[in-house]
Amino acid sequence: MRRLGFMRLIEGYLFRQLLAPTLAASLALGGVALLSQSLSSLDLLVDQRQSILVFLHIVALSLPELLALVLPIAVFVAALLALNRLHVEQELVVCFAAGMSRWKVIAPAVKLATMAALLTLVVNLWVEPWCAQRMREELFRIRTDLAASLVKPGEFTQPAPGLTLYVQQVEQGGVLKNLFIYQEMPDGSSTTYTALQGLITKRNGKPVMVMRNGSNEGFNSVGVLNYLAFDEYTLDLSAYLTTEEPLHFKTADRYLHELVHPDLSKWWEQRNRKQMLAEAHYRMSSPLYSITFMALALWAVLGGPFSRLGYGRRVARAAMAAAMIRIMGFGVQAACGSNPQLNILQYALPIVPTLIALKPLFANWPRRRGGFRPYSHAEPQLAEAPT
């Protein structure tokens, strides 16, 4: 019982040594990815004149997608750093000398990789689609924001033929201050509107401009000048704006059951059936990269004898292999969009390198009756240490 408790204590220590750098690497890589996403979303503030809260909401909704991308890389980087430190400082040698088998030593790393894979799977299947759909709805609302599409403060704009609009400034709540509208009719008449304030909204499902404290003057088709002062006037904008655009979710926005069983009565689903199937298999297979990258990190540090000079070559080869595997994964996903028979490669690509990387860790284990004989501290391959 004491020995079992001692082994669990060491396994817990090794797990914590791996967990801390994984969290740090995830935060660092996630911050870089979040900064990139933030820069690409700045047009919401500049062009669409949205508030900082809307901007932060959009950025926050993109976090699950970024997490699913950076978590395997964070696991790989953190595992390399932690395992290399433990091995160089001979803490792993002490574990082997205490009678721990290789599997007991690498079990915390495998446990961490499995937890990362399960977390990525949950994000891929439920969290990311939910956030993606909420973000698509928010972007759709912004894109169809009539005030943002029509008005540019301090500039004359022509959002549609026959309509010229000028607004001095836009206040909180979309209130337009000191506006000027010039409208040309198909019959050749024209009207000019001026008002102290206005608001673009919808009435009876149609876009309208509600102006207050202003006037309109214009010439009719026979050249007669008409003038009218008003406290409130409603200008119908439906002739200039089309607001019937439907909200459409892209392939990456859909849940797994929507990807596997699409509504084939719709034209878009029929046309993109293969791409949706490829996305579904990607959602299921991409969590495996966390396990693959952890296996590569274990091979880089424990896949050979102890070295006083470090493991620079093996680490470099493992990093190159991880980069190539991930890039090939994106390429295979794109290829599966046109050939569904290639979807098996989305699973084979992370699984095969995992088996290859783990094989050297157990290749020299002699079999005996009842299982594998663990290495002891007397075996030179593991016990070699600097004098």
Side-chain angles (χ1 to χ4, degrees), residues 33-34 36-37 40-41 43-44 48 54 57-73 114 116-145 149 205 242-292 325-352 354:
L34 187 61
S36 176
Q37 180 68 27
S40 64
S41 302
D43 62 312
L44 295 177
Q48 301 292 339
V54 174
H57 185 210
I58 295 296
V59 173
L61 289 174
S62 66
L63 282 176
E65 180 182 4
L66 299 178
L67 175 64
L69 289 175
V70 305
L71 190 56
I73 303 174
T114 303
L118 292 176
L119 176 60
T120 305
L121 184 63
V122 171
V123 171
N124 284 351
L125 297 187
W126 292 286
V127 181
E128 182 181 344
W130 186 88
C131 291
Q133 291 189 8
R134 302 294 82 74
M135 182 170 63
R136 191 70 58 191
E137 292 172 352
E138 186 70 14
L139 292 175
F140 179 80
R141 183 194 65 78
I142 294 172
R143 189 174 66 252
T144 56
D145 186 349
S149 61
T242 301
T243 60
E244 300 300 327
E245 180 184 358
L247 173 62
H248 175 73
F249 292 124
K250 296 183 179 180
T251 301
D253 304 334
R254 303 186 178 223
Y255 288 94
L256 183 65
H257 68 276
E258 296 174 327
L259 297 172
V260 177
H261 302 291
D263 185 1
L264 297 180
S265 62
K266 298 180 180 179
W267 175 82
W268 189 91
E269 278 76 0
Q270 293 179 7
R271 182 180 180 183
N272 296 275
R273 179 70 179 91
K274 296 179 180 179
Q275 288 84 348
M276 297 173 70
L277 187 61
E279 176 68 20
H281 285 288
Y282 172 78
R283 299 270 185 90
M284 297 294 294
S285 62
S286 61
L288 297 175
Y289 286 101
S290 294
I291 300 176
T292 302
I325 290 171
R326 199 64 192 90
I327 293 173
M328 290 174 61
F330 290 123
V332 168
Q333 180 191 4
C336 292
S338 57
N339 188 355
Q341 296 180 352
L342 297 178
N343 280 313
I344 188 64
L345 296 179
Q346 295 202 63
Y347 301 92
L349 191 60
I351 292 176
V352 173
T354 301

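The figures that follow rest on heavy atoms only: side chains count, while hydrogens, waters and symmetry mates do not.
The minimum heavy-atom distance linking Phe249 with Leu247 is given by the pair CZ-CD2, 4.0 Å. Here the shortest heavy-atom pairing between Lys274 and Pro340 reads CG-CG, 3.8 Å. Taking every heavy atom of both residues into account, Ala278 and Gly337 meet most closely at CB-N, 3.9 Å. Residues Pro350 and Ser285 share a closest heavy-atom pair of CG-O, 4.3 Å. For the residue pair Cys131 and Leu61, the shortest heavy atom distance occurs at CB-O, 3.3 Å. Among all heavy-atom pairs drawn from Val70 and Ala33, the shortest one is CG1-CB, 4.3 Å.
Residues Tyr289 and Leu71 form no side-chain contact, since every pair of their non-hydrogen atoms from C-beta on lies 4.5 Å or further apart. A heavy-atom distance below 4.5 Å is found between the side chains of Cys336 and Gln346. Looking at heavy atoms from C-beta onward, Met284 lies in side-chain contact with Tyr347 at the 4.5 angstrom threshold. Leu288 is not listed as a side-chain neighbour of Thr354, based on a closest heavy-atom distance of 4.5 Å or more.
Remark: Trp268 CH2 to Lys250 NZ distance equals 9.5 Å, nearest 0.5 Å. If you take CH2 on Trp130 and OH on Tyr255, they are separated by 8.0 Å, rounding to the nearest 0.5 Å. Note that CG of Leu259 is 10.0 Å distant from CG of Asp253, once rounded to the nearest 0.5 Å. Annotation: the span from Leu69 atom CG to Phe330 atom CZ amounts to 5.5 Å, rounded to 0.5 Å. Note that the CD atom of Glu269 and the CE atom of Met276 stand 5.5 Å from one another [nearest 0.5 Å]. Here the CZ-CD distance, from Arg254 to Glu279, works out to 11.0 Å after rounding to the nearest 0.5 Å.
Arg283 contributes a side-chain N or O that, together with a main-chain N or O of Ala252, makes up a donor-acceptor pair within less than 3.5 Å.
A donor-acceptor contact under 3.5 angstrom links the side chains of Asn124 and Ser286, judged on distance only.
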Steps toward salt bridge (charged side-chain N to carboxylate O under 4.0 Å, His left out) verdict (Glu138, Arg134):
CA-CA 6 Å; Glu138 186 70 14; Arg134 302 294 82 74; over 6 Å; no
